Amino acid sequence: AQKITQTQPGMFVQEKEAVTLDCTYDTSDQSYGLFWYKQPSSGEMIFLIYQGSYDEQNATEGRYSLNFQKARKSANLVISASQLGDSAMYFCAMRSLTGGGNKLTFGTGTQLKVEL
Amino acid sequence: GAVVSQHPSWVICKSGTSVKIECRSLDFQATTMFWYRQFPKQSLMLMATSNEGSKATYEQGVEKDKFLINHASLTLSTLTVTSAHPEDSSFYICSARTSRSYEQYFGPGTRLTVT
């Protein structure tokens, strides 16, 4: 069974500052993928970044980077230069890549509020 | 590219009636579609996985007869909530993926309110 843990129900950050959203995971699979999604108040799920378990480099997408520490089973999201529009719910998720695995397992989410 | 639409975006129905929610992949063929349910300020809970042309696989605790899923084509899946009750009120989100991509593309969601 897979499990995603996000221990920060809410976070505040000042505009233009960087913020780290924590995510730890548990799985017995050797091959898996880790995802971060943003969900604004409108409800849509916006894909941010992906990290494969065998990727040696940490994934980066613009202002988003994923701090992947495989031995610690953590996949923290770093948002640099926060903007007001970054205020949203953020979900960490994972999927097994073995056996044609399809399911995404989500964490409980972190509500991020960017302040002036 | 990779756009998924849902219709309707919100619906209000009376208790005891049925309501159908459509999920369409607009610019790609979705071999697999997923239906999630989300309560306010909570995470997404997977309800079922459907592959085109075959029966949906439901997660434990999800009533198959209450939440009917049909994946009739590579671009359309429907979720029908039968004999809806107020406790079925929730935000329903679909997603879709192809066999060639690790990514799931999410629809904008449907907010269902049962009165």
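Order of the sequence lines fixes the chain letters, A, B, ..., with proteins taken first and strands second; residue numbering starts at 1 for each chain. What you see is a predicted model, and the numbers here were worked out from it, not measured in a lab. These values consider heavy atoms only, across backbone and side chains, with no hydrogens, waters or symmetry-generated copies.
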(request) Verify, without hydrogens or angle tests, whether A/Q51 (side chain) and A/Q57 (backbone) share a donor-acceptor contact under 3.5 angstrom. (result) yes
(request) Check whether more than 12 heavy atoms from other residues, nucleotides or ligands sit under 6.0 Å from atom CE of A/M11, and answer yes or no. (result) yes
(request) Please look at B/I93 and chain A and tell me whether the side chain, the backbone, both or neither of the residue comes under 4.5 angstrom of a heavy atom of that chain. (result) side chain
(request) Measure distances from B/Q42 to the heavy atoms of chain A and classify the residue's part below 4.5 Å as side chain, backbone, both or neither. (result) backbone
(message) Please classify the contact of B/Q6 with chain A as side chain, backbone, both or neither, using a heavy-atom distance under 4.5 Å.
(response) neither
(request) Give, as side chain, backbone, both or neither, the part of A/F35 having an atom under 4.5 angstrom from any heavy atom of chain B. (result) side chain
(message) Tell me if a side-chain donor or acceptor on A/K70 pairs with a main-chain N or O of A/S53 at a distance below 3.5 Å.
(response) yes
(request) To the nearest 0.5 Å, tell me how far B/S9 OG sits from A/E44 CD. (result) 12.0 Å
(message) Out of A/G109, A/P9, A/G107, return the one with the most heavy atom pairs under 4.5 angstrom to chain B.
(response) A/G107
(request) Answer with side chain, backbone, both or neither: which region of A/Q111 has an atom nearer than 4.5 Å to a non-hydrogen atom of chain B? (result) neither
(request) Over 60° means perpendicular and under 30° means parallel, so classify the ring planes of A/F47 and A/Y37, tilted if in between. (result) perpendicular
(request) Under 4.5 Å, counting heavy-atom pairs only, tell me which of A/Q6, A/Q39, A/M89 racks up the most with chain B. (result) A/Q39
(request) Find the one option among A/G43, A/G52, A/A93, A/G33 whose heavy-atom pairs under 4.5 Å with chain B are most numerous. (result) A/G43
(request) Without swapping roles, check the side chain of B/T75 against the backbone of B/R24 for a donor-acceptor pair under 3.5 Å. (result) no
